[in-house]
Amino acid sequence: MPPQVERILEKLNEKGFEAYAVGGCVRDSLLGRQPKDWDITTSARPEQVKSLFRRTIDTGILHGTVTVMLDGAGYEVTTYRVDGEYADGRHPKQVVFTPDLLEDLKRRDFTINAMAYSHKTGIVDAFGGTKDLDGRLIRCVGNPVERFEEDALRILRAIRFSAQLDFSIEKETCSAVMRIAPNLSKVSKERIQAELTSLLQSGHPEKIKKVYEMGISQYISPAFSQVPWQSFQVPDSLSSEKYVRWGAFLRMAGPDMAVQVLKELKMDLDTISRVRVLAAWADREVKAEAEEVRRAMSRMLPEVWDVLAELNGYGERVRCLTEEIRDRGDCLDLKHLAVNGQDLIAVGIRPGKEMGRALEELLDRVLENPERNQKEVLLEYFLKQNLAGNQEA
Ligand code: ATP
Ligand code: MG
């Protein structure tokens with residue numbers, strides 16, 4: 001446990017409150033994994049938490065969460081609570097605080113996420129969380145049908161955790177997933193997207209296939225359910241960046257469907273545009289020739305090209321050519337062209353469409369042969385072209 005967490009627990013204990021590390025950090029510690037963050041649960045009310053620490057942030061005061069800042073990092077401290085009715089299949093209607101740790105643990109989604117720990121008490125495991133860690137099982141706390149009815153997002157959380165931890169989903173929890181799947185259509189697309197993104201960024205992204213095999217995909221979005229998923233796999237060499245994993249998953253869908261899926265899931269535009277490129281190029285061959293490699297590289301960001309080359313299996317020779325092109329600094333875009341708009345205005349080109357066409361034409365010449373990327377060479381070519389054009393006219 002980080003010393004800052006110890007200090008927070010001690011301070012709360014000193015004032016007579018109960019306090020524990022809880023949820024993901026307990027699970028990950030027991031698994032020997034590095035917890036992403038440390039959440040604390042306490043019998044103290046938010047105002048009481050705030051009064052005990054110098055720097056706090058009202059993160060979700062209505063839900064009982066105060067962030068305590070220590071040594072530049074934040075720790076979420078949340079008052080023991082019972083969640084009220086889930087009216088929309090997602091948000092608790094009201095939050096009720098409770099003095100009882102067990103009540104707080106009972107509202108949590110899975111047994112492995114429902115454990116608390118303090119040095120004083122040791123592990124509090126009321127629902128068989130350690131046993132399920134041993135058995136590598138995702139199992140709901142309580143009745144799985146009811147728990148998924150309360151909050152259908154938990155359906156995707158179950159699959160997401162099974163991908164992150166490489167766990168199976170326990171049988172009854174599994175049946176309930178399939179039975180309550182239709183309720184997912186009530187869950188916000190942003191939340192769904194966040195879970196699917198975590199799943200794809202996990203150590204077992206191929207487990208997204210479960211979403212299809214378990215009959216859930218149609219409740220995520222119409223386009224999502226159409227994605228050809230059977231052949232999906234992620235090469236080990238690829239990073240876990242968001243666009244890389246979504247690109248690997250959606251490339252076989254083609255650019256239009258890929259964009260549709262991501263739009264329906266309210267994905268950010270930068271990710272959409274990168275994935276669109278990966279999907280548009282998924283079936284394009286690129287010969288191991290400098291010019292062809294330059295032309296492909298000129299159509300996308302450098303890092304997207306590297307990912308595409310990996311996904312499409314362009315191989316060693318294309319990789320070498322890519323490196324040579326970068327080492328030489330071959331011009332690949334208008335920004336690096338040896339002439340700019342001003343230069344062309346000086347030789348009589350009008351700004352606007354004509355200018356755009358002229359610059360594209362020069363870039364095309366330079367992609368063919370990068371040695372042409374010199375001002376005099378390009379302008380001379382241009383003047384000649386223009387004369388020829390005028391004579392034709
Ligand atoms: P991660 O490492 O991905 O953050 P985590 O277990 O910390 O995993 P969070 O989404 O950060 O997951 O949630 C923190 C804790 O809150 C969970 O461990 C779980 O106890 C509880 N929790 C979160 N979301 C839900 C939910 N939808 N229903 C019930 N309990 C939840
Ligand atoms: Mg967390």
Side-chain angles (χ1 to χ4, degrees), residues 2 5 20-42 59-60 63-65 67 73-93 95-96 98 101-117 123-130 132-133 138-167 173 176-177 180 183-184 186-188 190-205 207 240 242:
V5 177
Y20 298 85
V22 71
C25 60
V26 178
R27 175 197 70 221
D28 289 343
S29 300
L30 289 171
L31 286 169
R33 300 162 80 100
Q34 181 68 39
K36 261 203 326 247
D37 40 35
W38 287 77
D39 294 330
I40 292 158
T41 187
T42 181
T59 308
H63 296 90
T65 303
T67 298
Y75 300 86
E76 287 196 355
V77 180
T78 305
T79 305
Y80 293 167
R81 61 175 214 227
V82 213
D83 292 336
E85 287 279 293
Y86 285 76
D88 59 357
R90 174 60 214 143
H91 295 101
K93 236 194 308 198
V95 173
V96 179
T98 165
L101 171 65
L102 287 189
E103 286 290 317
D104 180 90
L105 295 179
K106 207 160 83 181
R107 72 169 170 93
R108 293 171 185 272
D109 46 8
F110 307 114
T111 59
I112 58 167
N113 288 346
M115 291 181 281
Y117 174 84
I123 293 187
V124 181
D125 174 15
F127 309 102
T130 45
D132 286 336
L133 281 182
I138 309 294
R139 181 201 308 269
C140 284
V141 172
N143 178 318
V145 169
E146 286 172 15
R147 301 314 307 282
F148 291 138
E149 277 174 347
E150 281 171 2
D151 178 4
L153 186 70
R154 291 172 186 156
I155 291 169
L156 286 182
R157 286 174 61 87
I159 300 175
R160 187 256 283 191
F161 283 116
S162 95
Q164 286 179 327
L165 305 171
D166 195 18
F167 279 25
T173 298
V177 161
I180 310 302
N183 288 16
L184 261 177
K186 292 187 275 181
V187 175
S188 93
E190 290 86 348
R191 303 301 295 261
I192 290 180
Q193 186 249 292
E195 288 301 329
L196 291 173
T197 296
S198 301
L199 194 171
L200 286 171
Q201 291 182 307
S202 74
H204 290 274
K207 291 210 181 187
S240 60
K242 181 158 73 170

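Since the structure is predicted, the reported quantities are computational estimates derived from the model, not experimental observations. All values below come from the heavy atoms of this structure, side chains included, with hydrogens, waters and symmetry mates left out. When a ligand or atom number is given, it counts from 1 through the structure's own listing order.
- Across K36, R191, R154, R33, heavy-atom proximity to atom 4 (O) of ligand 1 is greatest for K36.
- In terms of polar-atom proximity, defined here as any N/O pair under 3.5 Å, N113 does make such a contact with ligand 1.
- For the pair F148/N183, no side-chain contact is recorded, criterion being any heavy-atom separation below 4.5 Å from C-beta on.
- Counting heavy atoms under 4.0 Å from ligand 1, residue R160 touches it through the side chain alone.
- Looking at R108, R107, R27, it is R108 that brings a heavy atom closest to atom 16 (O) of ligand 1.
- Under the 4.0 angstrom criterion for non-hydrogen atoms, F161 is in contact with ligand 1.
- Nearest heavy atom pair, residue A21 against residue C25, reads CB-SG, 3.9 Å.
- The residue from R147, R157, Q164 that puts a heavy atom closest to atom 17 (C) of ligand 1 is R157.
- Classification of D109 and R154 as a salt-bridged pair fails, no side-chain N sitting under 4.0 Å from a carboxylate O.
- Interface atoms of ligand 1 facing G23, defined by a heavy-atom separation under 4.0 Å, are 18 (O).
- Checking only distances, D39 never comes within under 3.5 Å of ligand 1, N or O to N or O.
- Nearest approach of T111 to V141, heavy atoms of both residues: N-CG2, 3.7 Å.
- Residues T197 and Q201 have side chains that never bring a donor and an acceptor to within less than 3.5 angstrom of each other.
- The closest side-chain donor-acceptor pair between T78 and T65 falls under 3.5 angstrom.
- Contact annotation: L153 has no heavy atom less than 4.0 Å from any atom of ligand 1.
- Each of L153, L156, L196 was evaluated against R191; a single residue qualifies, L153, per the side chain to side chain contact (heavy atoms under 4.5 Å, CB included) test.
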